[in-house]
Amino acid sequence: MLSVLIAKLLATALVVIGVSVAVGKVGPRVGGILAGTPIILGPGYFFMLQERSVEFLQAAALSTLHALIATLVFAICFVVSAGRFGVYTSLALATGIWIPTALLFSLLPGGVWGGLLVYGLVLFAAEAIRRALKLGQTVVVARSGWFDLLFRGLLAGILVSVATTVAAKSGPLLSGMLVGFPVGLFTIGWTLYERYGAEVARATVSMAQKGMLSLVAFALALALTVGTVPPMATFAISLLASIMVSMGIFVISQWRYRALQTGEGK
């Protein structure tokens, strides 16, 4: 089992680090799309699709969707607390809230559609809080250092390897939750707070909330297609759904930015 854990850890870490490096190399347009891809959910479900039953995968995908709702709560908590406390306290509070809320949301009725409805409501609340706090667009373009990349890759690898090997024996709930843990928001909030201060970290995490819709698309597509098409086709469809949503979000954000710039130039 140890060799399997290490193999999954390394494979996931390489994917996370590779995509993170590519985001900074290929330019803002393609980089913005790559940044929204499921770099943790993808490897996690790639392994599970080959190892687990249809029933397990359907339940795990629903658990991941519920965990993503809890991630919105994580973001809200960090954005609010980082304005008053230090980075470690803020991350501890956000993580401390994510765990019970992920478990609480796992009790939601209505399956994936019920989860999707609740996600939309929580996202609306998160956006309202962002506007109330008057958090604008970030003006700092931060490049991740090698320590950041290695830390993010290692943390993601540990979560995926444990979720798909050890936790999977406890059932789909724990596996789905673990691969849905907000590794990206955690590391981004931490590094940006340390380098540029609380306001940049808060604004960046708050702006990432809409980008999470691509992860929701991945989990939703997987839950709806698993068992109806071959496993790798399920993976491809889920990945494509995530990329399409990420592209849509990016194009809309670019259009709004250009419209704002044009309006200011008049």
Side-chain angles (χ1 to χ4, degrees), residues 1-20 22 33-71 102 105-106 111-116 119 152-184 211-247:
M1 178 181 289
L2 182 60
S3 61
V4 174
L5 281 169
I6 294 175
K8 291 179 178 180
L9 188 157
L10 292 176
T12 303
L14 287 174
V15 170
V16 171
I17 293 172
V19 172
S20 299
I33 296 171
L34 285 176
T37 55
I39 57 175
I40 297 175
L41 291 185
Y45 279 102
F46 178 84
F47 294 125
M48 284 196 282
L49 278 164
Q50 300 177 69
E51 301 169 350
R52 303 298 166 185
S53 67
V54 171
E55 292 76 16
F56 183 101
L57 289 163
Q58 288 174 333
L62 179 58
S63 177
T64 295
L65 179 58
H66 292 153
L68 290 173
I69 305 173
T71 296
F105 287 131
S106 70
V112 292
W113 300 114
L116 193 62
Y119 185 93
R152 189 182 307 173
L154 180 62
L155 182 55
I158 291 173
L159 282 175
V160 168
S161 60
V162 171
T164 59
T165 305
V166 179
K169 294 185 177 181
S170 300
L173 175 62
L174 185 56
S175 290
M177 282 180 58
L178 284 178
V179 294
F181 181 79
V183 173
M212 285 173 52
L213 286 170
S214 65
L215 306 182
V216 173
F218 182 93
L220 180 63
L222 190 143
L224 295 177
T225 60
V226 66
T228 61
V229 296
M232 287 302 99
T234 295
F235 181 79
I237 291 171
S238 302
L239 186 60
L240 180 61
S242 176
I243 292 173
M244 293 299 291
V245 170
S246 183
M247 287 178 62

Phe47 vs Ser161, test: side chain to side chain contact (heavy atoms under 4.5 Å, CB included). Steps then yes/no. CA-CA 9 Å; Phe47 294 125; Ser161 60; over 6 Å; no

Closest heavy-atom pair and its distance - [X], [Y]:
X      : Y      : answer
Pro182 : Thr71  : CB-CG2, 3.5 Å
Leu68  : Tyr119 : O-CE1, 3.7 Å
His66  : Ser106 : ND1-CA, 3.3 Å

For residues 217-232, tabulate all N or O donor-acceptor pairs below 3.5 Å that involve a side-chain atom, not counting sequence neighbours.
residue : atom : partner : partner atom : Å
Thr225  : OG1  : Ala221  : O            : 2.7
Thr228  : OG1  : Thr225  : O            : 2.6

Hey, what do you get for CD (Gln58) to OG (Ser53), rounding to the nearest 0.5 Å?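 Between atom CD of Gln58 and atom OG of Ser53 there are 8.5 Å.
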
_By side-chain hydrogen bond (donor to acceptor under 3.5 Å, both in side chains) - contacts of Thr234 (at least two apart)_ =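 Not a single residue meets the side-chain hydrogen bond (donor to acceptor under 3.5 Å, both in side chains) criterion with Thr234.
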
Tell me every residue that passes ring pair (Phe, Tyr, Trp, His ring centres under 6.0 Å) with Phe181, counting only those two or more places apart in sequence or in another chain.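 In terms of ring pair (Phe, Tyr, Trp, His ring centres under 6.0 Å), with neighbours along the sequence ignored, Phe181 is linked to Trp98.
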
request  = With sequence neighbours left out, write down each residue that passes ring pair (Phe, Tyr, Trp, His ring centres under 6.0 Å) with Phe235, or none if nothing qualifies.
outcome  =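 By the ring pair (Phe, Tyr, Trp, His ring centres under 6.0 Å) rule, Phe235 matches Phe46.
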
| said: Strictly distance-based, threshold 3.5 Å: is any side-chain N or O of Ser214 a donor or acceptor partner for the main-chain N or O of Gly211? | reply: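 Flag set: sc Ser214 to bb Gly211 pair under 3.5 Å.
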
* Asked: Any donor-acceptor pair under 3.5 Å linking the side chain of Thr64 with the backbone of Gly176?
  ->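 A pair under 3.5 Å: yes.
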
pair Leu159-Ile40: side-chain heavy atoms closer than 4.5 Å
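No, every pair of side-chain atoms sits at 4.5 Å or beyond.
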
